[in-house]
Amino acid sequence: MKLIVAAVQDQDSDYVVSKLTEKGYRVTQIGSTGGFLRQGNTTLLVGVEDAHVETVVSLLTASTQRRMRYMPMATGTTPSGMTLYNYVEVEVGGATIFVLDVEHFEQI
Ligand code: 2BA
């Protein structure tokens, strides 16, 4: 058995979860924050038999999109002390996917 951990964008999370549950996969949705942008994203946990990993990864790939985000970056200060910002473009997602071996699985 494997545990698939996937960071997806909030905009895609409801759609991805509905696609996964439609196909009979069980999923846990956790609100998370990306360390670089410090913006909200969603972490999904999907426990599956090994033979289903490829299907779930394909589903995640098909149900998420890459998007541009803009991150404010301080570039200096005016003589009056106001901070000046530029926005840096950052491309985020579709999905960042980890596939982990599950040592033990039990439901009580
Ligand atoms: P964030 O950490 O907020 O990263 C958002 C996007 O910023 C990343 O998109 C990437 O394009 C860029 N980025 C991140 N760290 C960077 C750095 N040190 N220098 C330059 N650009 C950087 P994605 O790669 O698609 O990642 C989306 C989200 O997936 C991340 O949000 C984070 O929450 C998660 N993630 C990505 N890689 C991870 C990893 N190796 N371990 C744990 N979480 C990860």
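Counting starts at 1 for both ligands and their atoms, following the listed order.
Grouping the Ile, Leu, Val, Met, Phe, Trp and Tyr side chains by contacts below 4.5 angstrom, directly or via other members, places Val27 apart from Leu45. Tyr87 and Leu84 fall into different hydrophobic clusters, where Ile, Leu, Val, Met, Phe, Trp and Tyr residues are linked whenever their side-chain heavy atoms come under 4.5 Å apart, directly or through other members.
Geometrically, ligand 1 and Asn41 share a nitrogen or oxygen pair separated by less than 3.5 Å. Of the polar atoms of Leu37, at least one N or O is found under 3.5 Å from an N or O of ligand 1, judged by distance alone. For ligand 1, the polar-atom distance check against Gly93 finds a nitrogen or oxygen pair separated by under 3.5 Å. The distance criterion of under 3.5 Å between nitrogen or oxygen atoms is not met by Ala7 with respect to ligand 1.
Remark: minimum distance from atom 36 (C) of ligand 1 to any protein heavy atom is reached at Thr96 OG1, 3.4 Å. Considering only non-hydrogen protein atoms, atom 40 (N) of ligand 1 sits nearest to Phe98 CZ, 4.0 Å. Remark: minimum distance from atom 13 (N) of ligand 1 to any protein heavy atom is reached at Phe36 CD2, 3.3 Å.
You'll find the side chain of Val48 stays beyond 4.5 Å of the side chain of Thr55, heavy atoms only. When side chains are defined from C-beta on, Gln9 does not count as touching Asn41, because their heavy atoms never get closer than 4.5 Å.
Summarising the local packing, CZ of Arg38 is surrounded by 12 or fewer heavy atoms from other residues, nucleotides or ligands at distances under 6.0 Å. Counting non-hydrogen atoms of other residues, nucleotides and ligands closer than 6.0 Å to CD of Gln39 gives a total above 12.
Below 4.0 Å from some heavy atom of Val92 lie the following atoms of ligand 1, by number and element: 6 (C), 9 (O), 25 (O), 27 (C). Atoms of ligand 1 found under 4.0 Å from any heavy atom of Gly34, numbered from 1 in the order shown, are 1 (P), 2 (O), 3 (O), 31 (O), 33 (O). For ligand 1, the atoms lying closer than 4.0 Å to a non-hydrogen atom of Val90 are 6 (C), 7 (O), 11 (O), 12 (C).
Distances from ligand 1 to the non-hydrogen atoms of Glu91 include at least one value under 4.0 Å.
In terms of modelled atom types and a separation under 3.5 Å, the side chain of Arg66 and the main chain of Val92 share no donor-acceptor contact.
Looking at residues two or more places apart in sequence or on another chain, you find no salt bridge (Lys or Arg N to Asp or Glu O under 4.0 Å) involving Glu103.
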